[in-house]
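Below you'll find the structure, written out as structure tokens, and then a few comments.
Just so you know, these numbers come straight off a predicted model, no measurement behind them. Ligands are counted one by one from 1 in listed order, and the atoms in each one are counted from 1 as well.
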Amino acid sequence: MSIAAEPYAFPFAPETCALLVIDMQRDFLEPGGFGAALGNDVSLLRRTIAPNRRLLDAWRGAGLQVLHTREGHQPDLSDLPEAKKTRARSALTIGDAGPMGRILVRGEKGHAIIPELAPLPAEPVIDKPGKGALWATDLHATLQRLGIRQLVVTGVTTEVCVHTTVREANDRGYDCLVPADCVGSYFPDLHAAALKMISAQGGIFGWVSHSDHVLAALSP
Ligand code: C5J
């Protein structure tokens, strides 16, 4: 079975392929969170919600593996590097109290995955302190235990946490496919460049496709 993609068709093996939804959290998609504190227009990410919802429904319907990630820090900020806290120099920063609770802190309202894409109880949710989902987490061990070798990676933001995760996963031997309509950025030019980087050079980091093509492969 294959999925139409760039730079060439993705050799889809559903039983060993997981859907990995990156950081679809209030802190990035709703006003008053981390994304907004950095001065971004969070409404730009909301076009990703409907295609992610459709893909999630189909993926779950096919009985395939789903995992979610959340970026965030321990309440005592012991896993927050000083550089990450201070670099953006915005008025509100990680750990400060905002309209959705403390910014990018685990357990706060802003840290939660948006209700439209809420994980089901059986779906692993990987909490990560960094941009990549394979650093300082048990994601690699979890994927190995589940027998996963391919990832369809969606979520936000394209050039930050999605890209870092795809790079980390690629280095560990996973084949990654990114449906372009299911990932989003506050910066359209960086989104486009990030996608181009993935499929360039014969798929140096993976494949880029569209959710319609993934849905077509999932339909009976
Ligand atoms: C960012 C992310 N953009 N989830 N995090 O800081 O991409």
*Could you name each residue pair satisfying ring-ring contact (aromatic ring centres under 6.0 Å, His included) that touches residues 173-201, not counting sequence neighbours?*
H140-Y174
_Between T16 and Q150: side-chain donor-acceptor atoms closer than 3.5 Å_ = no
*For K84 and H73, test the side chains for any donor-to-acceptor distance below 3.5 angstrom and give the result as yes or no.*
yes
_For ligand 1, give me the residues whose heavy-atom distance to it is below 4.0 Å, by chain and number please._
D23, F28, F34, E71, K131, V156, T157, V160, C161
Which donor-acceptor pairs under 3.5 Å do side chains of residues 97-110 form with protein atoms, sequence neighbours excluded?
| residue | atom | partner | partner atom | Å |
| --- | --- | --- | --- | --- |
| R102 | NE | G95 | O | 2.9 |
| R102 | NH1 | P75 | O | 2.9 |
| R102 | NH2 | P75 | O | 3.2 |
| R106 | NE | G72 | O | 3.3 |
| R106 | NH2 | G72 | O | 3.4 |
| E108 | OE1 | R102 | N | 3.2 |

*Going from CD1 on I126 to CG on D138, what distance comes out if it is rounded to the nearest 0.5 angstrom?*
5.0 Å
*Please list, chain by chain and in numerical order, all residues satisfying salt bridge (Lys or Arg N to Asp or Glu O under 4.0 Å) with R60, sequence neighbours excluded.*
E123
